[in-house]
Amino acid sequence: MKKQLISLRVNGRDREDAVADNMLLVDYLRDQLGLTGTKQGCDGGECGACTVLVDGRPRLACCTLVQSVDGCSVETVESLSHNGRLSALQQAFHEKLGTQCGFCTPGMLMASEALLRQNPDPDVDAIKGALAGNLCRCTGYVKIIESVQSAATNREIAP
Amino acid sequence: MSLLNEFRFIRPETTAQAVTALAGSTDTRVLCGGTDLLPNLRRGLVSPGALVDVSRLESLQQISWEDDRLTLGAAITLEELANEPRLNRHFPALVKAILSVAGPSHRAAASLGGNLCQDTRCIFYNQSDWWRRSNDYCLKYRGELCHVMPKGDRCYATYHGDIAPVLMALGAQIDIIGPGGSRRLPLDGLYQENGSHHLSLEPGELVSTIILPRHVQWHSGYEKVRVRDAIDFPLAGVAAALRREGDTLAQLRLVVTGTNSIPIRVDLSQLEGGTWSDEAAEEMAKAIRKAVNVLKTTVTGPKYRRRVVMAMAKRLVSQLWQQAA
């Protein structure tokens with residue numbers, strides 16, 4: 001299989017990699033870079049577990065070719081914590097029990113992260129809209145919405 | 001490791017290069033956002049030799065407002081369109097339809113042209129390879145029999161796009177570019193009633209531009225029902241646009257999605273010139289029943305979808321009639 005060189009930024013670090021034309025972003029992140037935080041769920045764009053940020057916007061890594069993010073900035077769930085400290089959003093998911101089995105959590109976090117960057121004080125409808133593409137089979141969503149609300153409040157307090 | 005068949009990824013720098021790449025081989029496909037094509041590739045429903053990524057072509061990204069029309073590039077993402085402030089002011093029904101397409105992470109990638117050209121769907125088609133193999137492949141892919149209509153002579157997979165019906169109700173035209181140059185036609189002309197070949201595009205052609213006339217006195221709307229209300233294709237959807245003059249229904253356009261292999265326009269010219277009443281609504285329901293061909297292509301049965309289309313249409317047109325007063 002022919003490979004082409006791409007250059008992109010992953011979690012703030014510039015990279016150049018030779019990748020096959022038919023490689024999906026989720027496989028590149030998980031298998032080539034070892035960033036297994038991004039989860040592969042339904043494989044069809046229905047569950048949102050593979051949500052990552054491409055140039056700040058939420059995208060489904062299982063429905064995206066890595067060639068098509070050449071030159072872009074990709075952020076995964078691994079970028080959220082700093083020096084072992086959880087981000088305000090992660091902390092909120094932890095404290096408000098927004099995560100149970102945890103499989104949907106990376107996708108939920110990245111979709112919520114995209115929302116909070118654009119709308120630091122979202123109401124419940126805005127949160128539901130931003131997470132519309134993310135399935136969770138454990139929480140019933142109530143605790144996830146509470147987590148995002150709590151994170152929004154804490155981000156405002158944090159310097 | 002990758003589940004995808006091998007293909008070449010081509011990123012042209014101009015539309016001319018894109019057309020040349022597409023025209024070069026019959027198994028080359030256009031890629032833009034990939035939200036429709038890539039899941040189908042993963043399921044082995046299409047196996048192109050090459051994909052031509054047009055998502056970064058600047059000439060397909062233009063939005064231009066003129067006095068009498070709005071011109072939209074086919075590669076603009078649905079997210080960008082929904083965020084265009086003037087669009088909601090002038091075409092609220094279009095923005096409603098756009099925001100009802102999938103979820104935010106799809107809309108950040110999915111393009112307008114890609115949405116119009118999305119593949120038809122069917123419960124016997126949108127399945128994994130092992131499912132389809134064990135059930136015998138269907139007419140749309142490798143098989144010899146349409147499982148929905150075994151006595152039929154074509155594939156009956158249904159078109160489930162949300163945006164095309166609204167654009168058709170608003171009288172949109174499209175530009176298609178290809179090896180033979182550019183041609184303009186009403187959006188209706190893009191579709192043909194055959195589930196396995198529902199687009200009239202010739203080899204090497206792609207939709208480049210969508211042109212919307214700016215009518216002042218028209219009132220338009222879009223309604224859909226779906227299984228999963230957060231994100232889903234329409235089980236059925238109805239777009240309507242009407243013009244009211246006093247108590248007269250001057251013009252009424254109605255387009256239904258999710259029932260046929262094309263977004264189907266229902267001829268309601270017999271109602272124009274009259275007024276909107278319960279009788280007119282019944283007559284419209286009859287016309288819809290005649291035009292739509294609801295079969296067992298979704299998880300919900302045909303009877304429900306046929307009835308819900310008529311109910312939605314009545315509700316929507318009544319709302320628009322009130323709005324226009």
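Note that the structure is a prediction, hence the values are computed from the model and not measured. All chains are named by letter (A, B, ...) in the order of the sequence lines, taking the proteins before the strands, and each is independently numbered beginning at 1.
Within the structure, salt bridge (charged side-chain N to carboxylate O under 4.0 Å, His left out) contacts touching residues 100-113 of chain A (residues at least two apart or in different chains) are E113(A)-R117(A), E113(A)-R155(A).
Atom CD of Q319(B) is surrounded by more than 12 heavy atoms from other residues, nucleotides or ligands within 6.0 Å. Crowding of R85(A) atom CZ: a count of heavy atoms from other residues, nucleotides or ligands under 6.0 Å not exceeding 12. By the 6.0 Å contact criterion, NZ on K39(A) is enclosed, its count of non-hydrogen atoms from other residues, nucleotides or ligands being greater than 12.
Distance check: L38(B) CG to L25(A) CG gives 11.0 Å after rounding to the nearest 0.5 Å. The CD atom of E46(A) sits 7.5 Å away from the CZ atom of R228(B) when rounded to the nearest 0.5 Å.
Contacts between R43(B) and chain A at a heavy-atom distance below 4.5 Å involve the side chain alone, from C-beta outward. Looking at V19(A), there are no atoms closer than 4.5 Å to chain B (heavy atoms on both sides), in backbone or side chain. Looking at L51(B), the atoms closer than 4.5 Å to chain A (heavy atoms on both sides) all sit in the side chain, from C-beta outward. Within the 4.5 angstrom heavy-atom criterion, only side-chain atoms of L31(B), from C-beta onward, approach chain A. Heavy atoms closer than 4.5 Å to chain A are found in both the backbone and the side chain of A108(B).
For a heavy-atom cut-off of 4.5 Å, chain A lies close to R8(B), F9(B), R11(B) in residues 8-29 of chain B.
No donor-acceptor pair closer than 3.5 Å links the side chain of R57(A) to the backbone N or O of A109(B). Checked by atom type and distance alone, the side chain of N22(A) pairs as donor or acceptor with a backbone atom of L4(B) at under 3.5 Å.
Chosen from A111(A), A130(A), P58(A), G133(A), the residue pairing most often with chain B at heavy-atom distances under 4.5 Å is P58(A). Interface summary for chain B: among C63(A), C42(A), A20(A), the most heavy-atom pairs under 4.5 angstrom belong to C63(A). The candidate with the highest count of non-hydrogen atom pairs below 4.5 Å against chain B, out of C62(A), G48(A), G129(A), is C62(A). Chain B forms more heavy-atom pairs under 4.5 Å with one residue of N134(A), L53(A), D70(A), L131(A) than with any other, namely D70(A). The residue among S68(A), G44(A), G45(A) with the most heavy atom pairs within less than 4.5 Å of chain B is S68(A).
At a threshold of 4.5 Å between non-hydrogen side-chain atoms, the residues Q67(A) and D53(B) do not count as touching.
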